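Beneath this line is the structure, given in structure tokens, with notes to follow.
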Amino acid sequence: MVILGIETTCDETGAAVVERGADGRGRILSNVVLSQINDHAAFGGVVPEIAARAHVEALDHIIAKAMDDAEFSFPDLDGVAAAAGPGLIGGLIVGLTMAKAITLTHDKPLIAVNHLEAHALTARLTDATAFPYCLFLASGGHTQVLGVLGVGDYLRLGGTVDDAIGEAFDKTAKLLGLGYPGGPLVEKEATRGDPKRFSLPRPMAGRHDADFSLSGLKTALRLEAEKVAPLSDQDVADLCASFQQAVVDVVADRLRTGLKLFRSRVGMPTALVCAGGVAANQAIRKVLHRVAFEIGTTLVAPPPALCTDNGAMIAWAGAERLALGLTDGLDFAPRARWPLEEVRKPAAKHIGSAREA
Ligand code: KG4
Ligand code: ZN
């Protein structure tokens with residue numbers, strides 16, 4: 001089956017055409033992403049109204065390009081998937097309404113995809129990872145450790161009680177005057193900094209759940225920066241390196257606990273999978289490799305372009321759902337807030353096959 005996927009939850013306008021073979025294997029036929037970073041950079045973060053308007057302006061061109069690149073026309077599609085939440089409501093309305101219009105015009109099924117489920121299932125598109133696996137999802141808006149047991153079947157093992165990890169990177173970059181988005185800029189500065197120069201806390205380390213807390217780390221960093229201000233280039237690099245090292249240590253500790261919880265509740269995972277923009281960070285990837293290796297499993301890390309927001313992951317999640325008979329009506333309303341626990345599961349007869357797939 002061939003699905004068009006549309007992504008408009010935040011500041012990337014994405015459309016992609018993805019094929020799912022009868023054997024459950026995925027193939028990306030096209031994947032077009034337009035980042036709005038330049039529209040938001042001056043504000044140091046995403047401005048919802050600007051994002052929604054930019055999606056309106058770009059989306060039809062992005063979809064046309066995705067269809068062209070894939071050499072497909074609308075009547076040949078098996079379905080259209082759009083991210084229907086969680087995310088910024090203006091963008092969600094744009095993407096979902098467009099998907100509804102295409103399905104209505106061409107009499108195709110609509111699949112309203114949960115953006116987090118799309119991140120969670122990406123490893124099955126890129127690496128055909130079998131269920132059940134443990135997912136570390138870390139982006140600008142989300143930080144979660146999840147058991148991915150099947151399509152629509154998620155076990156929450158931990159999450160952040162305050163800031164998301166990407167948000168902490170972005171706030172650190174803003175504090176140090178580096179620009180937006182902060183993750184790649186902090187990572188770059190960290191490569192020439194001393195990670196031991198500033199002593200920063202490792203919040204939540206040693207706790208028996210897999211929760212995160214990042215806001216104290218951000219405050220501690222600000223206090224250290226104030227002590228040495230005005231900041232030299234080397235101070236900035238050392239602060240970035242110390243911050244990143246603290247995050248890496250926290251991620252290692254929280255994931256070790258998360259995997260322990262996974263094993264006691266589910267059994268051995270087929271893999272540790274990372275997703276979300278933060279998974280592009282090389283130091284974080286390295287420690288995730290180590291943590292996975294320690295328990296005798298491997299890290300599946302999709303390429304960075306598929307870890308950050310894109311249409312291919314939406315199309316793929318749509319294909320996985322359509323294969324299980326899960327479609328949505330034209331009355332499906334976009335949801336700014338949509339926890340994974342509230343995603344519709346396949347009917348019981350399908351759950352076994354989803355777990356084995
Ligand atoms: O998944 P994503 O593209 O968008 C959502 O937030 O949904 O993630 C973007 C986030 C931003 O906060 C960005 O700073 C962070 O991912 N990020 C990184 C890196 N690249 C992107 N954080 C740390 N290191 C990176 N190399
Ligand atoms: Zn995302």
Side-chain angles (χ1 to χ4, degrees), residues 10-11 40-48 86 88 136-145 156-258 274 276-284 287-288 291 337:
C10 189
D11 61 345
H40 302 285
F43 304 95
V46 178
V47 184
L88 300 173
F136 176 49
L137 171 61
S139 69
H142 305 280
T143 298
Q144 296 189 10
V145 184
R156 191 178 185 282
L157 299 168
T160 182
V161 298
D162 41 54
D163 293 350
I165 297 185
E167 191 182 353
F169 269 94
D170 293 338
K171 287 179 177 170
T172 295
K174 195 170 183 181
L175 174 82
L176 300 175
L178 294 176
Y180 172 85
L185 301 166
V186 170
E187 181 174 18
K188 187 158 170 264
E189 288 294 321
T191 55
R192 56 178 195 90
D194 174 5
K196 296 209 177 83
R197 174 156 165 217
F198 296 99
S199 102
L200 296 171
R202 271 47 174 171
M204 311 297 252
R207 273 176 52 134
H208 294 302
D209 55 40
D211 283 342
F212 289 76
S213 168
L214 277 308
S215 72
L217 181 55
K218 179 190 64 193
T219 308
L221 181 97
R222 181 169 51 75
L223 295 176
E224 291 297 327
E226 281 169 6
K227 278 188 215 159
V228 292
L231 302 177
S232 67
D233 283 355
Q234 195 55 50
D235 292 334
V236 170
D238 293 344
L239 283 161
C240 286
S242 302
F243 169 79
Q244 184 172 277
Q245 189 58 51
V247 174
V248 164
D249 291 348
V250 166
V251 166
D253 179 82
R254 307 291 61 218
L255 264 296
R256 279 191 186 103
T257 307
C274 61
V278 176
N281 184 292
Q282 293 303 322
I284 291 176
V287 81
L288 291 175
V291 169
R337 200 187 148 273

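These numbers come from a predicted model, not from an experiment. Reckoned from all heavy atoms, side chains included, excluding hydrogens, waters and symmetry mates.
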Note: Lys196-Asp238 ion pair, threshold 4.0 Å (strictly below): no
Looking at Ile165, is its backbone amide N or carbonyl O close enough to the side chain of Thr143 to form a donor-acceptor pair, meaning the two atoms are under 3.5 Å apart? yes
Look only at the side chain of Gln144 and the backbone of Leu157, and say whether a donor-acceptor pair between them is shorter than 3.5 Å. no
State, to 0.1 Å, how close Gly141 and Ala164 come at their nearest heavy-atom pair, and which atoms those are. C-CB, 3.7 Å
Working to the nearest 0.5 Å, report the span between CD of Glu187 and CG of Asn281. 4.0 Å
Intermediate values then yes/no, side-chain contact (heavy atoms from CB on, under 4.5 Å), Ile284 and Cys274: CA-CA 10 Å; Ile284 291 176; Cys274 61; over 6 Å; no
Starting from the C-alpha separation in whole Å, work towards a yes-or-no answer on side-chain contact (heavy atoms from CB on, under 4.5 Å) for Leu255 and Val145. CA-CA 8 Å; Leu255 264 296; Val145 184; 4.3 Å; yes
Using salt bridge (Lys or Arg N to Asp or Glu O under 4.0 Å) as the criterion, list what pairs up with Asp194, not counting sequence neighbours. none
Under the salt bridge (Lys or Arg N to Asp or Glu O under 4.0 Å) test, residues paired with Glu224 that sit two or more places apart: Lys227
Taking all non-hydrogen atoms of both residues, which atom of Gly182 and which atom of Ala173 are closest, and how far apart? CA-CB, 3.3 Å
Look at the side chain of Arg202 and the backbone N and O of Val250, then say whether any donor-acceptor pair between them is shorter than 3.5 Å. no
In short, Gly206 meets Arg254 closest at the heavy-atom pair N-NH2, 3.9 Å
The reported gap from CG in Leu223 to NZ in Lys218 (rounded to nearest 0.5 angstrom) is 11.5 Å
Between OG1 on residue Thr172 and CG on residue Leu217, distance to nearest 0.5 Å: 7.0 Å
Within this structure, what is the CG-CZ distance for the pair Asp233 and Arg192, rounded to the nearest 0.5 Å? 5.5 Å
Can Arg207 and Asp253 be counted as an ion pair, charged N to O under 4.0 angstrom? no
Closest contact, heavy atoms only, Ala220 versus Pro201: CB-CD, 3.4 Å
So which heavy atom on Glu167 is nearest to which on Gly140, and how close? CB-O, 3.6 Å
Do Ser215 and Asp163 meet the criterion of a side-chain donor-acceptor pair at a distance under 3.5 Å? no
Quick check: does any side chain N or O of Asp211 sit under 3.5 Å from a backbone N or O of Gly158, one acting as donor and the other as acceptor? no
Between Asp170 and Pro181 (side chain of the first, backbone of the second, donor and acceptor by atom type, cut-off under 3.5 Å), is there such a pair? no
Say whether, by atom type as modelled, one donor and one acceptor occur between the side chain of Thr191 and the main chain of Lys188 under 3.5 angstrom. yes
For Leu178 and Cys240 the tightest heavy-atom approach is CD1-SG, 3.8 Å
Could you please spell out the steps behind the side-chain contact (heavy atoms from CB on, under 4.5 Å) verdict for Leu214 and Asp162? CA-CA 7 Å; Leu214 277 308; Asp162 41 54; 4.0 Å; yes
In Å and rounded to the nearest 0.5 Å, what is the CG to CD distance from Leu221 to Glu226? 10.0 Å
One should read off an interatomic distance between Leu175 CG and Phe243 CZ, to the nearest 0.5 angstrom, of 10.0 Å
Please evaluate residues Val248 and Gln245 with respect to the criterion side-chain contact (heavy atoms from CB on, under 4.5 Å), reporting the C-alpha separation (whole Å), side-chain torsions for both, the decisive distance (0.1 Å), and the verdict. CA-CA 5 Å; Val248 164; Gln245 189 58 51; 4.1 Å; yes
Here the ring pair (Phe, Tyr, Trp, His ring centres under 6.0 Å) pairs for residues 183-214, sequence neighbours left out, are Phe136-Phe212
